[in-house]
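Note on naming: letters A, B, ... go to the chains in the order of the sequence lines (proteins, then strands), and numbering restarts at 1 for each one. Here the structure is a predicted model, which is why all the values come from computation and not from measurement.
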Amino acid sequence: MSSSVGAHCTELKQKYDTCFNKWYSEKFLKGDTTPECEDLFKDYRACVMITLKEKGIDKLLAESRKETQFPSASSGDEEAGPNSA
Amino acid sequence: MKLFKSTHNFGYEWSLVSAANWQKYPNENCPHVRHVDVLNRKLDPETGVLITERLLTVEQNVPRIILKLLGTDETQYVREISTIDPRKKTLTMQSVNITTSHLLTIEEETTYYEHPEDKKQTQMSQQATVSAGSLLSRWSNMVEDFSLNRFKHNAAVGREGFCKVLERFVVMAEPQPTKESF
């Protein structure tokens, strides 16, 4: 499994990846769109965000997102969701 | 600006290829991809489409003159947005460098889709544009050439690496007849 840019986040990342990969093959590809692994993702993501800030990568991402946003809402919904940049 | 385009066949069905994609790194052919992080994920419950934003950390040897021209070191960050439509059986990935992007932009789009004539195979089409900005002036052609060649090399080792990942994936996905571990 790949490591995280934040070395201390790798363990959290791999826990999340394991959950996601299982969900992807056993549920998602079979048409089950019930999301899973959200708590694990939250913990891992929180860790990565700190590293991104420490390394100044957050600023690079913000620049890139100005040009191409990560989709933050489903069609017709203008509210910013929890995943917005 | 320089362009790169290629298509390739994988002898595995699309579902497996799309799942193996998440486990492409690390692989021994691509030591330059050091870390992969998921930044955001969004699943549309109606369409079933999954969108993922990832950050790839890449470290590769770069000639000193190019490092100086770009004002950077050998660590590059790449932002990738991928869209998976499990009903249409398409996986599209768009990536762009976010380091030195004011001087040099490398944009890549790769799509994996079910082979139109054989459902047991997956086709990949990949294209990239490399463009150095005017700030590099008379060096821009040299930087573009270097970047394009580097991209072609990475694309080739990336495919080879992915092939090996797919082979292991198939073995792991098969029901095991005995309790031997690998």
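Between B:Phe162 and B:Tyr112, the closest side-chain pair of non-hydrogen atoms falls below 4.5 Å.
A salt bridge does not link B:Glu53 to B:Arg41: none of the charged nitrogens lies less than 4.0 Å from a carboxylate oxygen. Between B:Asp145 and B:Lys2, at least one side-chain N (NZ, or NE/NH1/NH2) sits under 4.0 Å from a carboxylate O, which counts as a salt bridge. Salt-bridge check for A:Lys66 with A:Glu63: passed, with a basic side-chain N closer than 4.0 Å to an acidic carboxylate O. A salt bridge is absent between B:Asp85 and B:Lys89: the closest approach of a Lys/Arg side-chain nitrogen to an acidic carboxylate oxygen does not fall below 4.0 angstrom. Between A:Lys15 and A:Glu11 a salt bridge is recorded (basic side-chain N to carboxylate O distance below 4.0 Å). A salt bridge does not link B:Glu13 with B:Lys119: every distance from a Lys NZ or Arg NE/NH1/NH2 to an Asp or Glu carboxylate oxygen is 4.0 Å or more.
Proximity to chain A is absent for every atom of B:Arg87, based on heavy atoms less than 4.5 angstrom apart. Contacts of A:Leu61 with chain B are made by both backbone and side-chain atoms, with heavy-atom separations under 4.5 Å. With a threshold of 4.5 angstrom between heavy atoms, A:Thr10 does not approach chain B through any atom at all. Of the atoms belonging to A:Ser25, it is side-chain heavy atoms, and not backbone ones, that fall under 4.5 Å from chain B. If you measure heavy-atom distances from A:Lys59 to chain B, you find no contacts under 4.5 Å at all. For chain B, the nearby parts of A:Val5 are the backbone and the side chain; heavy atoms of each come within less than 4.5 Å.
Your options are B:Val36, B:Asp37, B:Ile51, and the one with the most heavy-atom pairs under 4.5 Å with chain A is B:Asp37. With respect to chain A, the highest number of heavy-atom pairs below 4.5 Å among B:Ser15, B:Ser101, B:Gly48, B:Pro26 belongs to B:Pro26. Looking only at heavy-atom pairs under 4.5 Å with chain A, the residue among B:Asn27, B:Val49, B:Leu50 that has the most is B:Leu50. Heavy-atom pairs under 4.5 Å with chain A were tallied for B:Thr52, B:Val96, B:Val38; the largest tally goes to B:Val38. With chain A as the partner, the residue from B:Val33, B:Ile84, B:Ile81 showing the most heavy-atom pairs under 4.5 Å is B:Ile84.
At a heavy-atom cut-off of under 4.5 Å, chain A is reached by B:Leu55, B:Thr57 from residues 54-70 of chain B, listed in order of number.
Under the 3.5 Å distance criterion, with hydrogens and angles disregarded, a donor-acceptor pair is assigned to the side chains of B:Gln121 and B:Asp118.
The 12-atom threshold is exceeded at CD of B:Glu28, counting heavy atoms of other residues, nucleotides or ligands nearer than 6.0 Å.
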**OP:** Quick one: do A:Ser3 and B:His35 satisfy side chain to side chain donor-acceptor pair (under 3.5 Å)? Show the steps, please.
**Re:** CA-CA 5 Å; A:Ser3 55; B:His35 313 295; 2.8 Å; yes
Original post:
Under the side chain to side chain donor-acceptor pair (under 3.5 Å) criterion, do B:Gln127 and B:Glu109 qualify, and how do the steps go?
Top reply: CA-CA 5 Å; B:Gln127 65 184 39; B:Glu109 182 168 315; 5.9 Å; no
